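Written out below as structure tokens is the structure these notes cover.
Quick caveat, the model's predicted, so the values are computed rather than measured. Nothing fancy with the numbering, it's 1 onward along the sequence. Computed from heavy atoms alone, side chains included, the values below leave out hydrogens, waters and symmetry copies.
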Amino acid sequence: MKTQRPISSDDEHRVLQFRPRNASPPPVQRGSGTVQPLRVAPEPLDLSRYEKPRPEPDNFRHRMLANIAALAFTIALTAIGIWLAVSIADLRRTQDCVLMGRRDCAKITTPHI
């Protein structure tokens, strides 16, 4: 069986040279003269350009109450999830016991006197 190789053209084997980013761009030829690109000073790399003035100051008390409510909701949701997982595991254990034909599967709690 012959192996088939794709036909390669000269366009596939072209080497491109990249210039470093910190080097100045080469001058551009337009018509009879040379045009130098305009060098702009870079802006400082901070987030001040995205800041907007606030119409009213922050309400720290409201924000803290919202954070406490969110934390309480998260804790309650986690507790419900853990309780649900334990309940499902207990039901599965009881169901496996019954399906095996055993009779002493149910837990009977007696009060301590």
Side-chain angles (χ1 to χ4, degrees):
M1 177 179 202
K2 277 184 153 181
T3 59
Q4 295 180 351
R5 289 188 170 180
I7 300 172
S8 64
S9 65
D10 291 335
D11 293 337
E12 292 180 16
H13 303 287
R14 192 177 329 165
V15 177
L16 299 176
Q17 292 185 355
F18 294 100
R19 66 185 188 317
R21 288 182 182 221
N22 57 2
S24 63
V28 179
Q29 293 284 340
R30 293 207 177 147
S32 63
T34 303
V35 177
Q36 289 284 342
L38 182 64
R39 291 190 67 108
V40 179
E43 293 184 23
L45 298 174
D46 61 351
L47 300 176
S48 63
R49 59 185 160 173
Y50 299 110
E51 291 178 358
K52 293 182 181 178
R54 294 181 180 255
E56 57 189 46
D58 270 346
N59 189 350
F60 182 74
R61 180 184 166 110
H62 180 267
R63 199 171 70 203
M64 288 305 291
L65 287 175
N67 287 343
I68 290 171
L71 179 66
F73 179 74
T74 304
I75 289 172
L77 200 60
T78 303
I80 290 171
I82 291 171
W83 171 78
L84 189 61
V86 169
S87 297
I88 290 173
D90 189 35
L91 287 173
R92 186 188 68 208
R93 203 174 308 118
T94 305
Q95 186 180 19
D96 288 346
C97 179
V98 169
L99 289 175
M100 287 189 328
R102 296 176 59 189
R103 294 178 184 241
D104 56 348
C105 298
K107 292 181 183 177
I108 300 173
T109 57
T110 58
H112 295 284
I113 299 177

| query | Got R102 and V98 here, is their nearest side-chain heavy-atom distance under 4.5 Å? | reply | no

| In chain order, what residues pass the salt bridge (charged side-chain N to carboxylate O under 4.0 Å, His left out) check against D58, with sequence neighbours excluded? | R54, R63

| task | Give, for atom SG of C105 and atom CG of L99, the distance between the pair rounded to the nearest 0.5 Å. | result | 9.0 Å

| request: Kindly work out whether a path of hydrophobic side-chain contacts (I/L/V/M/F/W/Y, heavy atoms less than 4.5 Å apart) joins W83 to I88. | output: yes

| remark: Interatomic distance, CD1@I68 vs CG@L71, rounded to 0.5 Å, equals 8.0 Å

| request: Decide yes or no for D90 and R93: does some side-chain heavy atom of the first lie under 4.5 Å from some side-chain heavy atom of the second? | output: yes

| task | Report the distance from atom OG1 of T78 to atom CD1 of I82, rounding to the nearest 0.5 Å. | result | 6.5 Å

